[in-house]
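Inspection log for the structure reproduced underneath, given as structure tokens.
The model shown is predicted, which means the values in this text are computed figures rather than measured ones. Note that the numbering runs from 1 along the sequence shown for the chain.
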Amino acid sequence: HVESYYWDYLTLFMISSVFAIIPLTVGGAGARELVFIFGATYLNIQEAPAVAFAILFFASQAVSSLLGIFFIYNIDKHISSAANGE
């Protein structure tokens, strides 16, 4: 239900992406949300949608990364079968 301040949320998202890269936390978990909390206070926007946006991004990133396990397993299986002449 965010109806305004799109540029503020996008700016916070870009800044939080930089902080998520810095190895302060495991996989950037918590760093992105912390940036959104402090940034929302500074930019005078609602904290709840900002943090929800960060959590949803983290969740979608985690799910897409976990799906990669199936591709890695299948590629390894195909490579090993090709090496054995199957």
Return a table of donor-acceptor pairs under 3.5 angstrom between the side chains of residues 14-21 and protein atoms on other chains or two or more places apart.
| unit_1 | atom_1 | unit_2 | atom_2 | d |
| --- | --- | --- | --- | --- |
| S16 | OG | L12 | O | 3.2 |
| S16 | OG | F13 | O | 2.8 |
| S16 | OG | R32 | NH1 | 3.4 |
| S17 | OG | F13 | O | 2.9 |
| S17 | OG | R32 | NH1 | 3.2 |

(request) Taking side-chain contact (heavy atoms from CB on, under 4.5 Å) as the test, write out the residues that go with I37, two or more places apart. (result) E47, V51

(message) Could you measure the distance from the CZ atom of F57 to the CZ atom of F36? Nearest 0.5 Å is fine.
(response) 9.5 Å

(request) Report the distance from atom CD of E33 to atom CZ of F38, rounding to the nearest 0.5 Å. (result) 12.5 Å

(message) So, taking the atom named CH2 in W7 and the one named CD1 in I45, what distance separates them when rounded to the nearest 0.5 Å?
(response) 14.0 Å

